[in-house]
Amino acid sequence: MQLTKRFFMMNALTVLVSIALTVLAVIIFVAAYTKVLGPEADIDDFKRIFEVRSGIGEIKRAAQTLEFEQLLDKSYQQELSDRVKALGANAVILKNREVVYTTKKFNAIDIEKSLMLSDNMPNLDTLELEGKTYMFARADYSLQSGDKGVLLLLAPIKLKTGFYLFLGIFTVSFFILSFLIMNFLVSYRFSRGIITPIARLRDAAVKISEGDLSFGIAEEGEGEVRELCRTLEFMRIKLKESVYLQQKYDENRKFLISSISHDLKTPVTSIKGYIEGIIDGVANTPDKMEEYLETARSKAMLVNAMIDDLLLYSKLDLNQIPYHFEKTNLEQYFEDCVFDHRYEYEKANIKLALISELKEPVYVLIDRERLRRVIQNILDNSRKYMEKVNGQVDIILRETRTSAIIEIRDNGKGIPEVDLPHIFERFYRADPSRKSVDGSGLGLAIAKQIVEGHEGKIWVRSTVGEGTRMMISLKKY
């Protein structure tokens with residue numbers, strides 16, 4: 001609900017509840033007053049009003065049985081005067097709207113007012129004269145001469161003005177008090193739902209401006225305030241992720257610079273040494289010249305491969321490389337991988353075989369080029385560290401209910417148990433003696449990043465002297 005609508009409804013509710021409480025309080029007050037303070041007075045007043053009403057009604061009915069000329073008789077007028085005085089009332093006899101007899105002198109304007117009101121409202125029984133309330137009765141006469149006669153009976157009613165004044169003061173006071181209390185409660189509720197969360201948002205904004213993003217912003221308040229809290233929290237999370245990514249990028253940049261300067265030093269030094277050997281005339285025969293140049297070329301290719309690995313790992317670590325997944329037949333895919341690497345393995349006198357234990361075609365969702373880099377890195381490691389005459393590398397395919405398992409098994413020298421937990425760390429080598437000739441040391445770290453980018457898992461089992469088993473698990477499609 002919008003704040004403006006909610007604010008309007010809360011104010012309207014404050015007024016309505018205050019009115020309802022005031023009405024209830026007035027009812028209770030009147031009931032208590034009647035019961036405790038004035039029951040007898042109220043009964044006496046009621047009896048008095050009833051007696052007066054009955055009395056002037058009886059006088060009216062008796063006068064209506066007489067002719068108008070009889071009303072002008074002195075003896076009747078004396079009797080009429082006695083009867084109305086006994087009731088505390090007054091009588092006025094008029095002929096053609098002119099007073100011919102009255103028990104009390106009334107203002108001509110009041111008399112005319114009484115006639116006009118009673119003409120317009122035949123059932124009128126009370127009216128205001130001289131600032132007082134009178135009980136009223138009227139009898140009309142039509143004379144043979146065409147004139148009109150009227151008998152007015154007026155009995156003053158004494159009202160409890162003090163009680164009503166006190167009741168009015170009580171009503172107004174109670175309404176103001178209840179309105180203030182309700183307004184305080186509404187303001188308190190409003191402050192908890194809007195003002196307090198806004199104050200916390202202000203503090204949060206100050207912390208964000210100071211670079212402190214370690215806190216959380218709770219979703220609280222009403223309507224737009226809650227949405228504002230949610231938006232600001234989302235912004236804080238995004239800023240925190242952005243800062244983290246920037247820090248990680250800076251760390252990677254520094255790491256790349258230090259790694260490039262450290263790992264490239266040896267092959268670059270070798271290239272420099274061989275070129276200087278050619279310039280100085282050490283390679284004084286064509287065969288030796290060719291050997292120096294070939295060595296320099298291989299070192300240059302190694303430098304290029306190391307730089308490529310460093311850049312690829314950096315992009316993978318920062319999630320800057322998109323994946324293009326395709327539904328792929330697992331067995332056909334690895335047949336192509338074996339074909340791609342068969343020449344290198346034959347040249348190294350190592351057997352490479354594909355063993356499929358799949359009972360039916362299995363499909364996986366993969367980025368074919370990225371996963372090919374994983375297989376290449378693993379197979380290159382197996383080939384480099386074989387150091388056996390009868391080397392053998394098998395790619396074994398099997399499946400579980402939900403996953404496809406790829407096992408790359410070799411019979412090489414194996415990896416020491418102490419090195420197994422670190423084998424997927426960047427720039428880690430289980431054999432430090434080969435550091436200068438075996439590439440960047442990022443092969444398995446890159447493989448791990450790519451496999452995890454496929455929502456898969458990669459792990460290793462190895463025994464020294466027996467060989468290594470590299471395992472990859474991918475979800476079946």
Side-chain angles (χ1 to χ4, degrees), residues 1-18 21 178-259 310-325 365 367 370 402 421 424-426 445-446 448-458 473 475:
M1 182 182 296
Q2 294 182 357
L3 290 179
T4 52
K5 292 182 179 179
R6 185 174 183 83
F7 184 72
F8 173 78
M9 290 184 63
M10 292 174 72
N11 281 296
L13 182 63
T14 299
V15 174
L16 292 175
V17 171
S18 299
L21 291 174
S178 61
F179 179 79
L180 290 175
I181 293 174
M182 287 299 301
N183 193 55
F184 172 77
L185 294 175
V186 168
S187 299
Y188 176 73
R189 180 71 177 84
F190 188 77
S191 67
R192 288 189 60 189
I194 298 176
I195 297 176
T196 301
I198 288 179
R200 291 175 181 165
L201 286 177
R202 179 197 60 202
D203 297 338
V206 171
K207 290 183 178 179
I208 290 174
S209 67
E210 294 173 349
D212 183 5
L213 302 173
S214 60
F215 60 93
I217 301 174
E219 289 187 19
E220 57 181 346
E222 305 292 341
E224 290 92 334
V225 177
R226 180 176 288 271
E227 292 178 6
L228 180 60
C229 291
R230 186 183 304 115
T231 303
L232 195 59
E233 172 65 6
F234 181 74
M235 182 189 75
R236 183 193 69 83
I237 293 172
K238 286 295 182 183
L239 282 174
K240 190 173 182 179
E241 291 176 353
S242 177
V243 170
Y244 172 76
L245 189 62
Q246 184 62 38
Q247 290 175 346
K248 193 170 183 180
Y249 177 80
D250 291 340
E251 290 175 1
N252 273 3
R253 181 172 54 82
K254 294 176 182 177
F255 179 77
L256 282 173
I257 293 173
S258 64
S259 298
L310 285 167
L311 293 176
L312 176 59
Y313 180 81
S314 177
K315 291 180 179 180
L316 288 170
D317 199 35
L318 294 174
N319 296 318
Q320 292 181 344
I321 293 185
Y323 288 92
H324 304 285
F325 294 104
L365 200 63
D367 183 319
R370 300 291 172 222
T402 59
F424 293 105
E425 294 178 4
R426 56 189 179 182
I446 291 173
K448 184 174 186 294
Q449 290 275 16
I450 294 175
V451 171
E452 290 179 349
H454 285 70
E455 297 183 357
K457 293 174 63 178
I458 183 170
S473 172
K475 292 182 180 178

Under the 3.5 angstrom rule, does the side chain of S242 hit a backbone N or O of K238 as a donor-acceptor pair?
-> no
Do L365 and K475 have side-chain heavy atoms sitting under 4.5 Å apart?
-> no
Atom pair CD (Q449) and CZ (R370), whose distance is rounded to the nearest 0.5 Å | 12.5 Å
Are the charged groups of E210 and K207 less than 4.0 angstrom apart, N to O?
-> no
The reported gap from CZ in R236 to NZ in K240 (rounded to nearest 0.5 angstrom) is 5.5 Å
Separation between CD1 of I208 and CG of L232, rounded to the nearest 0.5 Å = 4.5 Å
Enclosure of F184 CZ (heavy-atom neighbours >12, cutoff 6.0 Å) = no
When rounded to the nearest 0.5 Å, the distance separating CD1 of I446 from CZ of F424 is 13.0 Å
Crowding at OH, Y244 (>12 non-hydrogen neighbours, <6.0 Å) = no
Nearest heavy atoms of S18 and F179, plus distance in Å = OG-CA, 3.2 Å
What distance do E452 atom CD and I458 atom CD1 have between them, rounded to the nearest 0.5 Å?
-> 9.0 Å
Any chance you could measure T14, atom OG1, to I181, atom CD1, to the nearest 0.5 Å?
-> 12.0 Å
What heavy-atom pair brings I217 and C229 nearest, and what distance separates the two atoms?
-> CG2-O, 4.0 Å
